[in-house]
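First comes the structure, then the notes that go with it.
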Protein chains: 2
Amino acid sequence: MAARDYGQYDGITRALELVGERWALLIVRDLLVGPRRYGELAAGLPRIPSNILASRLKELQAVGVIRRMPRSRVVLYELTPYGRELEPVVLALGAWGFKAMGDPRDDQVVTADSMTIALRTAFRADVAESLPATAYAARLGPAELLIRVDGSRLAVDRGTGPADLDFTAGPDIRHLISGELAPARAIATGVVEVLRGPDELLDRFASTFHLAA
Amino acid sequence: MAARDYGQYDGITRALELVGERWALLIVRDLLVGPRRYGELAAGLPRIPSNILASRLKELQAVGVIRRMPRSRVVLYELTPYGRELEPVVLALGAWGFKAMGDPRDDQVVTADSMTIALRTAFRADVAESLPATAYAARLGPAELLIRVDGSRLAVDRGTGPADLDFTAGPDIRHLISGELAPARAIATGVVEVLRGPDELLDRFASTFHLAA
DNA sequence: CGGAATCCCATGCGATACTG
DNA sequence: CAGTATCGCATGGGATTCCG
C-alpha cells in the first residue's frame, strides 16, 4: 500500500496518506454508522469495484483505521477508536458538500448509511435539547430509517418502528433541511408525504435537522 | 472531471467529487493561508507535477472553490468564499493526521504554509484569551514564521520581525505541541533552541498551541 | 520568468470473470 | 458470500518544451 506519497511532513498530508485514496472516506462514512460485512459495504457503495473494496479494506486495516472483527462465522469490519475519530472530518465534509448538492442525477443513488450520516450532520443537539422526545419513521428513497431524538441524543436505525411521525420524502427533502422550503409547503407540494401523525411534527423535524445552504 | 463519479447522492460524496482528487486539498490548504501565485503553489507542493497543478487549479475554479485574481501583471489564485468554508474540514483533517505522524522521512519536506495551518489547527483560542499578547519568531526547518497572538486572535506571517521569543526548532516540536515533551525539556534536549527571549515564554507557547496525541 | 501544454511511462482504477 | 485474478484504460508522475 504505502499510499502514494506527497513528500510533505504535516498533519493534513499524513491524513491524506491514510484516508485520501479514492473510496476510502466513503467506507469510513458507512462504518461510522456501525460495523458492516463486506457485502453490506459493497451494497452501500454500488459502484465500487470489488478489488478496490478489498484493497481499501486491507489498507485501512494496515494503517489502523479499521479492524476485522470475526463474529460467529462471518467477518465484520469496524472502525478502530482512531478511525472513529474521523467522525468530525466526515461530518464537516458532509456539511460542506451539502451546500453544493444540486438535483440528483439519474445514476445517483441514496443509501441508508449515507442518509444516516447526513442526519447526524444536520442534527442540532442544542435545538433538540429543548424539544420533547420524538421518533420519526422516514422513508427516504430506498432507505427506511427510524430516527429517535431524545434530548440532545440522536439515534438513527435502519428499518421502521413505532413513531410519532411517519413520512416519505424524495431527494428534495434537502430543501427542507436547508430551510429554503417551509414544512407546510413541503407537504403541500408533495416533497414530503405524511403517512401518519400530525403535520405539525414536521416543523419539529425541520428545526431539529437543519443545515444552512 | 465528473468522470470520477461515485454514483451516490449525499454531501460527503459531493464534497469528494469537488475536492477529493489527489492534491486538491493540499492546494486548498495553502490557499487558506492567503492568495498564492502559480509558482508559489508549485514551490509549496514540491512533488506536484506541473500539469496536475494546472488541471487542479482549473477544476477547482470550475466548481467554484477557487478563483483567479489578476493582480497587476501576475495572476493570483485565491479561495472563493465557498472555498474558504473548507477551513473546518482542513483543520479537522490536520488534527486527525497529526496524531498519526511519525518521524519525518528523508524525502519529506516542511513548508511555511503547511506549518501555518498546523499552528492554526493547534491554536487554543480559549487559552490564549487569558494570556498577554505575545509575538513569537519561529524558524521551523526552512519556514520562518512570525506568530502573533493577541487575545483570541492568531496571525501567522512568513518572515521574521520583532518578537518576544525567538526560537528554532526541528520536526520534533510536534512532541512539544502534543504535550509529550515539556518546554523545559525541549530546550534542554535541543529540540527547541531559544535565540532570544526568556525561556519561560516557551511554556506560554506550548499552552497556546496544543493538540493532543 | 511565471504559467502552462506536451510528451512518455508507470500505476491505480474500473469492469468483469473467476474461485474457495 | 467474500473475496482474487486479469486486463484495458484513465490518471498521475516527471521531464521537457513552449509561450507571453
Side-chain angles (χ1 to χ4, degrees), chain A residues 1-8 13 16-27 30-31 35-63 66-78 105 107-109, chain B residues 1-8 13 16-27 30-31 34-63 66-78 105 107-109 113:
Chain A
M1 49 128 293
R4 289 175 300 170
D5 185 3
Y6 290 97
Q8 297 186 35
T13 304
L16 293 177
E17 286 173 1
L18 301 186
V19 295
E21 302 289 316
R22 197 164 156 72
W23 295 104
L25 276 177
L26 294 181
I27 294 171
D30 286 4
L31 291 180
R36 292 285 180 266
R37 308 164 54 156
Y38 183 96
E40 294 175 313
L41 289 170
L45 274 11
R47 297 264 262 263
I48 196 174
S50 62
N51 57 344
I52 299 295
L53 177 55
S55 20
R56 289 295 172 275
L57 290 173
K58 275 214 226 2
E59 293 159 7
L60 290 172
Q61 200 187 335
V63 299
I66 69 175
R67 88 169 58 114
R68 286 169 60 107
M69 186 169 60
R71 178 66 63 91
S72 70
R73 308 226 67 200
V74 302
V75 172
L76 285 180
Y77 293 90
E78 66 174 356
R105 299 188 296 265
D107 61 337
Q108 284 184 321
V109 133
Chain B
M1 47 181 339
R4 299 173 78 77
D5 185 4
Y6 290 97
Q8 295 185 35
T13 302
L16 292 177
E17 286 173 0
L18 301 185
V19 296
E21 301 289 315
R22 196 164 155 71
W23 295 104
L25 276 176
L26 294 181
I27 294 171
D30 286 4
L31 290 180
R36 292 284 179 268
R37 310 161 54 151
Y38 183 96
E40 294 175 311
L41 290 170
L45 273 11
R47 297 265 260 264
I48 196 174
S50 66
N51 56 345
I52 300 295
L53 177 55
S55 23
R56 288 295 173 275
L57 289 174
K58 274 214 234 341
E59 293 159 5
L60 290 172
Q61 199 187 334
V63 300
I66 70 174
R67 85 167 63 111
R68 287 169 60 108
M69 186 171 59
R71 178 65 63 90
S72 70
R73 311 224 68 198
V74 301
V75 173
L76 285 180
Y77 294 90
E78 67 174 355
R105 299 187 297 265
D107 60 338
Q108 283 184 320
V109 133
D113 286 346

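In the text below, chain A, chain B and the rest are named by the order of the sequence lines, each starting its count at 1.
Judged by distance alone, with hydrogens and angles left aside, the side-chain atoms of A:Gln8 form a donor-acceptor pair with the main-chain N or O of B:Gly44 at under 3.5 Å. With hydrogens and angles disregarded, no donor-acceptor distance shorter than 3.5 Å links the side chain of B:Arg22 to the backbone of A:Tyr6.
For the pair B:Arg36 CZ and C:dA4 P, the computed distance is 17 Å after rounding to whole Å. Across the protein-nucleic acid pair, A:Asp5 atom CG and C:dT11 atom P stand 14 Å apart, rounded to whole Å. Rounded to whole Å, atom P of C:dT6 lies 14 Å from atom CD1 of B:Ile52. Atom CD in A:Glu17 sits roughly 17 Å away from atom P in D:dG12 (whole-Å rounding). Summarising the geometry, the separation between CG on B:Leu41 and C1' on C:dC1 is reported as 16 Å, rounded to the nearest angstrom. Straight-line distance from the CG atom of B:Leu53 to the P atom of D:dG12: 13 Å, rounded to whole Å. Going from atom CG of A:Leu45 over to atom P of C:dA15 covers 13 Å, rounded to whole Å. Here D:dG12 presents its C1' atom at 13 Å from CD1 of B:Ile27, a figure rounded to the nearest Å.
Across all strands shown, A:Arg56 has heavy atoms under 4.0 Å from sugar-phosphate atoms exclusively, and none from any base.
By the side-chain contact (heavy atoms from CB on, under 4.5 Å) test, A:Val74 is found to be paired with A:Arg37, residues two or more places apart in sequence or in another chain being considered. Applying the side-chain contact (heavy atoms from CB on, under 4.5 Å) criterion to A:Asn51, with sequence neighbours excluded, gives A:Pro49. The salt bridge (Lys or Arg N to Asp or Glu O under 4.0 Å) search around B:Arg47 returns A:Asp5, B:Asp107, not counting sequence neighbours.
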Worksheet entry | Evaluation steps, salt bridge (Lys or Arg N to Asp or Glu O under 4.0 Å), between A:Arg105 and B:Glu17 | CA-CA 14 Å; A:Arg105 299 188 296 265; B:Glu17 286 173 0; 3.6 Å; yes
Fill in: Candidate pair B:Ile27 and B:Leu53, rule side chain to side chain contact (heavy atoms under 4.5 Å, CB included), full reasoning
CA-CA 8 Å; B:Ile27 294 171; B:Leu53 177 55; 3.8 Å; yes
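Ring pair A:Tyr38/A:Tyr77 is tilted by interplanar angle, where 30° to 60° counts as tilted.
Look at A:Trp23 and you won't find any side-chain N or O under 4.0 angstrom from OP1 or OP2 of C:dG12. Phosphate proximity of C:dC13 to A:Arg47: absent, as no side-chain N or O sits under 4.0 Å from OP1 or OP2. Side-chain N/O atoms of A:Arg22 include none lying less than 4.0 angstrom from OP1 or OP2 on D:dT11.
Residue pairs meeting the salt bridge (charged side-chain N to carboxylate O under 4.0 Å, His left out) criterion with at least one member in residues 66-75 of chain A, sequence neighbours excluded, are A:Arg67-A:Glu78.
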Distances for protein N or O near nucleotides 1-8 of chain D N or O, under 3.5 Å:
unit_1, atom_1, unit_2, atom_2, d
D:dC1, O3', A:Arg37, NH2, 3.3
D:dA2, OP1, A:Arg37, NE, 3.0
D:dA2, OP1, A:Arg37, NH2, 3.0
D:dA2, OP2, A:Gly39, N, 3.0
D:dG3, OP1, A:Arg68, NH1, 3.2
D:dG3, OP2, A:Tyr77, OH, 2.8
D:dT4, OP1, A:Lys58, NZ, 3.2
D:dT4, OP2, A:Lys58, NZ, 3.1
D:dT4, O4, A:Ser50, OG, 2.6
D:dT6, O4, A:Asn51, ND2, 3.2

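Counting only Watson-Crick or G-U wobble pairs whose defining distances are both under 3.5 Å, the stems of 3 or more consecutive pairs in DNA chain D are C:1-19 with D:2-20.
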